[in-house]
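Atoms within each ligand, like the ligands themselves, are counted from 1 in listed order.
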Amino acid sequence: MKRAIFPGTFDPFTIGHYSIVMRGLELFDEIVIGIGINQTKQSLFDIEKRIEMINQTFKNENRVSVQKYDSLTIDFAEQVGAKYILRGLRTVSDFEYEHTIANANRQLNGIETVLLFTETEYSFISSTVVRDLIKYGRDIKDFLPPGVEVD
Ligand code: ADP
């Protein structure tokens, strides 16, 4: 049984994140989406709302679940019995960041990080862009996973 975690902030969970999870399901039997609680970062969507939106997205996919965590990502992985960390890569700066963290995590407890390149049409989509669009009253339907709405 291959289980991976997909950790992130997901403020909010976008169609780019959705695509990585759906592609990850070709590689892993189960994916646990982990919402890291970052006390220093001010979020737009509170943690329970983020969980609700992700649950709604994957309501018909029983191989995907979501949990929040308030610890090191490798400790969260161990807690849920996952040997892999799934992450998405959009840009060279994503690569630099992931490279450092992935090596540290492997050194710390042997966990492997699996990186998937973003689909080109989603490469510019980030939670930050979506939050900005919300702030200025734009429609964000196209940036969210299918069937998810923000009220
Ligand atoms: P973090 O704060 O940990 O970067 P995010 O919620 O921003 O959390 O992103 C979680 C993961 O999803 C990261 O691996 C990020 O690179 C990836 N990701 C974000 N947006 C996209 C996208 N449009 N396409 C592919 N991967 C993405």
Side-chain angles (χ1 to χ4, degrees), residues 2-28 30-58 61 63-80 82-106 108-109 111-135 138-150:
K2 282 192 164 56
R3 182 179 293 140
I5 57 163
F6 181 46
T9 311
F10 309 122
D11 184 32
F13 194 87
T14 68
I15 195 164
H17 296 131
Y18 175 74
S19 161
I20 296 292
V21 172
M22 294 312 285
R23 291 165 61 204
L25 287 174
E26 300 284 325
L27 306 171
F28 302 108
E30 270 184 37
I31 296 177
V32 181
I33 298 170
I35 308 181
I37 302 172
N38 188 335
Q39 312 286 11
T40 56
K41 246 189 194 173
Q42 175 87 13
S43 64
L44 181 62
F45 293 93
D46 70 34
I47 204 101
E48 299 308 327
K49 180 68 188 172
R50 279 180 266 163
I51 290 176
E52 182 192 315
M53 286 164 75
I54 294 170
N55 273 331
Q56 189 190 343
T57 303
F58 294 104
E61 183 46 82
R63 295 193 293 142
V64 178
S65 59
V66 56
Q67 290 184 34
K68 59 186 168 186
Y69 71 98
D70 191 3
S71 60
L72 274 179
T73 299
I74 50 168
D75 292 338
F76 174 64
E78 199 169 313
Q79 186 200 317
V80 301
K83 292 206 174 74
Y84 307 91
I85 296 177
L86 174 65
R87 297 280 288 177
L89 276 189
R90 286 160 297 184
T91 56
V92 173
S93 60
D94 275 356
F95 172 83
E96 303 265 1
Y97 178 77
E98 298 299 338
H99 176 252
T100 312
I101 305 275
N103 281 329
N105 286 342
R106 197 178 53 252
L108 284 164
N109 81 343
I111 196 157
E112 288 290 359
T113 298
V114 175
L115 299 167
L116 293 180
F117 288 104
T118 181
E119 288 180 81
T120 37
E121 69 257 47
Y122 301 143
S123 62
F124 69 97
I125 298 176
S126 67
S127 298
T128 309
V129 166
V130 173
R131 286 197 303 275
D132 276 346
L133 292 171
I134 292 172
K135 194 164 138 196
R138 294 297 181 101
D139 184 8
I140 52 155
K141 193 165 58 24
D142 290 347
F143 300 96
L144 297 181
V148 175
E149 276 171 35
V150 174

Query raised in the report: Thr100 and Glu96: side-chain contact (heavy atoms from CB on, under 4.5 Å), yes or no, with the steps?
Result: CA-CA 7 Å; Thr100 312; Glu96 303 265 1; 5.7 Å; no
Requested in this report: Show your reasoning for whether ring-ring contact (aromatic ring centres under 6.0 Å, His included) applies to Tyr18 and Phe58.
Outcome: CA-CA 9 Å; Tyr18 175 74; Phe58 294 104; 5.7 Å; yes
Contact table ligand 1 N or O to protein N or O, d under 3.5 Å:
unit_1	atom_1	unit_2	atom_2	d
ligand 1	2 (O)	Thr9	OG1	2.8
ligand 1	3 (O)	Arg87	NH1	3.1
ligand 1	3 (O)	Arg87	NH2	3.3
ligand 1	6 (O)	Thr9	N	3.1
ligand 1	6 (O)	Phe10	N	2.9
ligand 1	6 (O)	His17	NE2	3.4
ligand 1	8 (O)	Thr9	N	3.2
ligand 1	9 (O)	His17	NE2	3.3
ligand 1	14 (O)	Arg87	NE	3.1
ligand 1	14 (O)	Gly88	N	3.0
ligand 1	14 (O)	Gly88	O	3.3
ligand 1	16 (O)	Gly88	O	2.6
ligand 1	20 (N)	Arg90	NH1	3.2
ligand 1	23 (N)	Tyr122	O	2.8
ligand 1	23 (N)	Ile125	O	2.8
ligand 1	24 (N)	Thr118	OG1	2.9

Query raised in the report: Got a sec: does the CZ of Arg63 have more than 12 other heavy atoms crowding it under 6.0 Å?
Result: yes
Query raised in the report: Rounded to the nearest 0.5 Å, what separation is found between the CG atom of Asp142 and the CD1 atom of Ile125?
Result: 8.5 Å
Query raised in the report: How far does NZ of Lys2 sit from CD1 of Ile31, to the nearest 0.5 angstrom?
Result: 13.0 Å
**Report entry** Residues in side chain to side chain donor-acceptor pair (under 3.5 Å) contact with Thr118, at least two apart in sequence or another chain
**Finding:** none
